[in-house]
Every structure is written in structure tokens, then in C-alpha cells.
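Have a look at the structure below, then the notes.
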Amino acid sequence: MKLSRRLRVDPDRKLSLRHVEPRSHPGIRTKAEAEAQLQRSLTRLDELQFDLYAEGQRSLLIVLQAMDAGGKDGTIRKLAMGLNPQGCLVTSFKVPSDEEAAHDFLWRVHHVAPERGDVGIFNRSHYEDVLVVRVHDLVPKAVWSRRFDEINAFEHQLADSGTRILKFYLHISRDEQRQRLQDRLDDPRKRWKFKPSDLKEREHWDAYMDAYEDALRKCSTPWAPWFVIPADRNWYRNSAVAQIVVEALEDMNPKPRKADFDPRSITIV
Ligand code: ADP
């Protein structure tokens with residue numbers, strides 16, 4: 001079975017993140033197998049992105065969400081090894097600026113959606129507006145709860161205009177987060193990544209899991225599926241994400257656009 005089928009969130013079934021083991025590695029047996037698979041995926045990704053760009057008709061949007069220290073940055077670093085930066089835009093979504101906050105929540109997202117031929121990667125996304133915003137009561141429930149439909153409609157619009165959307169939730173355990181935050185604290189090279197505020201967020205772990213379960217279930221659609229990636233093991237996470245991206249691009253099967261001239265009629269002297 002394709003990994004994308006195996007890890008995809010089925011909107012008809014109740015999703016329980018507590019029953020997804022973050023150390024599990026479905027479909028990939030060993031670290032060595034994962035690393036070999038990752039190399040193959042990256043080589044294939046390079047070819048497929050070339051064709052996507054050459055076709056110039058459709059685009060690919062990869063959305064990454066996770067708890068702090070969940071591995072979004074590491075995943076992007078690995079994926080990027082198979083991507084030509086000329087056809088790729090990575091956008092990180094932070095606390096909205098004053099200008100962003102003065103608009104509807106999708107305003108800052110729409111204009112960085114990938115253009116035809118390109119790959120867009122979102123490091124966090126519009127889902128923060130049903131996650132952190134919900135956990136911290138930043139807007140009333142009546143407002144965030146209607147956003148699921150608004151997000152589905154927005155993503156449908158992108159899909160209709162040629163954007164393939166893949167959304168990954170990197171699922172780490174609370175224990176693994178503690179270990180990673182401790183490593184950041186202990187390692188002078190990583191210490192800049194540690195934010196005391198991460199500890200405050202950690203206290204809301206259960207509320208975040210509830211919010212993620214809702215968002216993943218309500219917004220895993222045929223046109224923009226969510227995938228839950230067990231992510232305590234980096235080797236599994238990287239290999240699984242790359243494989244699902246390749247599977248999607250292979251399914252898109254991009255073809256370089258035809259020349260609007262007859263090559264036989266041209267002589268290069
Ligand atoms: P990261 O953790 O992604 O490496 P930061 O440490 O700068 O980067 O965290 C970005 C912060 O911005 C996160 O705490 C996230 O919850 C917050 N954020 C992102 N989007 C929103 C939003 N729409 N409303 C409130 N906070 C947001």
C-alpha cells in the first residue's frame with residue numbers, strides 16, 4: 001500500500017492522536033532502509049520538480065504543522081535537498097504583524113500560495129488560526145469554529161486553480177519534545193532556538209492535541225488531505241514526507257509544455 005494512503009487522515013473516522021504511536025515507523029522497517037529510500041525520493045523529486053516547472057500549469061503546496069521542536073525545520077532542510085530553489089518558496093508564519101492582523105486570516109496566506117510551476121512550503125500556516133488561536137482563546141469560539149469551512153473553501157479554490165495540496169502533521173510525543181527542548185538548552189549551538197515561551201505552550205499539550213484532532217479531521221479533504229507522520233524518529237519522518245511528496249507528484253505526472261515552433265525548421269549555426 002502506498003504510504004500516502006496509509007498515513008492519510010480519513011475524515012469519516014474519528015481521529016485519535018493518542019492512538020498514533022510517535023515512535024512507530026509504518027511501511028519502513030529500518031533506519032538504513034529509510035535513508036536509502038530518502039535518497040531515491042530526493043533524486044526523483046529533482047526530476048519531478050523540473051517537469052512541474054517545465055509544464056508551468058500547476059503547483060504543489062506542502063504545509064507543515066507540529067508542536068514546538070516537532071521537526072518542521074529539519075524536514076524542510078531535507079526536502080530542500082531535492083528541490084531547485086528557483087522554483088520553490090518557503091514561507092514561515094509567525095504571530096501576525098499589525099498589517100496582517102488588520103485583514104482576514106487568509107489574507108497573508110493567499111498571496112504566498114505557489115504560482116504555476118512552483119513548489120510552496122509553509123512552515124506553520126493558516127491552521128495556526130484554529131490551533132494556537134483556539135488554545136489561547138484569541139478569538140471567540142464562534143469565530144474559530146467557522147474557520148474550518150472557510151479553510152476548506154479556500155483550499156478548494158487553490159486546488160481548482162491547479163494547486164496540489166499536501167498537509168503534514170509531524171506527530172512527536174511529549175517525552176520526545178522534553179528531550180529536544182533539553183538538547184536545545186544544553187547545546188550552545190542550538191540554544192538560540194530555545195524559547196522560554198515554548199515551556200508555556202508545552203503546558204497546553206492536551207488542548208493542542210484536541211485542537212489538532214479537530215483540524216485534521218475537519219479539514220482532511222479529497223482536494224487537500226492531511227497526513228499524520230509519526231515523528232519521534234527523524235529518519236522515518238524525513239523519508240515518509242519525501243515519499244508522500246513524490247507519490248503526489250508522480251500522480252500529477254507533469255509534462256514539459258510543447259514548443260510553439262517546429263524544431264526541425266530551426267538550424268543553429
Ligand atoms: P517556529 O516555532 O515556527 O520555528 P517561532 O518560534 O517564531 O517559529 O514561532 C512562531 C509563533 O507564531 C508560534 O508560537 C505560533 O503559534 C505563532 N503564530 C503563528 N501564526 C499565528 C497566528 N495566526 N496567531 C497567533 N500566533 C501565531
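Just follow the structure's listing: the first ligand is 1, and inside any ligand the first atom is 1.
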Location of contacts on Arg124 toward ligand 1, heavy atoms closer than 4.0 Å: side chain

Protein contact of atom 15 (C) of ligand 1 - nearest heavy atom, named by residue and atom, plus distance: Glu128 OE1, 3.6 Å

Lys72 near ligand 1 by a heavy-atom separation under 4.0 Å: yes

Heavy-atom nearest option to atom 23 (N) of ligand 1, drawn from Val95, Asp129, Val130: Asp129

Mode of Val133 contact toward ligand 1 - side chain, backbone, both, neither (heavy atoms, under 4.0 Å): side chain

Counterpart residues, side chain to side chain contact (heavy atoms under 4.5 Å, CB included), relative to Glu115 (two or more places apart): Asp118

Aromatic contact, Tyr169 with Phe227 (centres under 6.0 Å): no

Any Arg108 heavy atom less than 4.0 Å from ligand 1: yes

Closest to atom 26 (N) of ligand 1 (judged by heavy-atom distance), picking from Val132, Asp73, Asn123: Val132

Phe154 and His110 aromatic centres sub-6.0 Å: yes

More than 12 heavy atoms from other groups under 6.0 Å of CZ on Arg174: yes

Shared hydrophobic cluster for Leu3 and Leu249 (ILVMFWY, side-chain gaps under 4.5 Å): yes

Nearest option to atom 24 (N) of ligand 1, as decided by whichever heavy atom of Pro96, Ser197, Ser125, Gly70 sits closest: Pro96

Enumerated ligand 1 atoms positioned under 4.0 Å from heavy atoms of Lys195: 5 (P), 6 (O)

Heavy-atom donor-acceptor pair, Ser41 side chain to Gln37 backbone, under 3.5 Å: yes

Nearest-neighbour protein heavy atom for atom 8 (O) of ligand 1, which is reported as residue plus atom name and distance: Lys94 NZ, 3.2 Å

Residues clustered with Phe50, ILVMFWY side-chain links under 4.5 angstrom: none

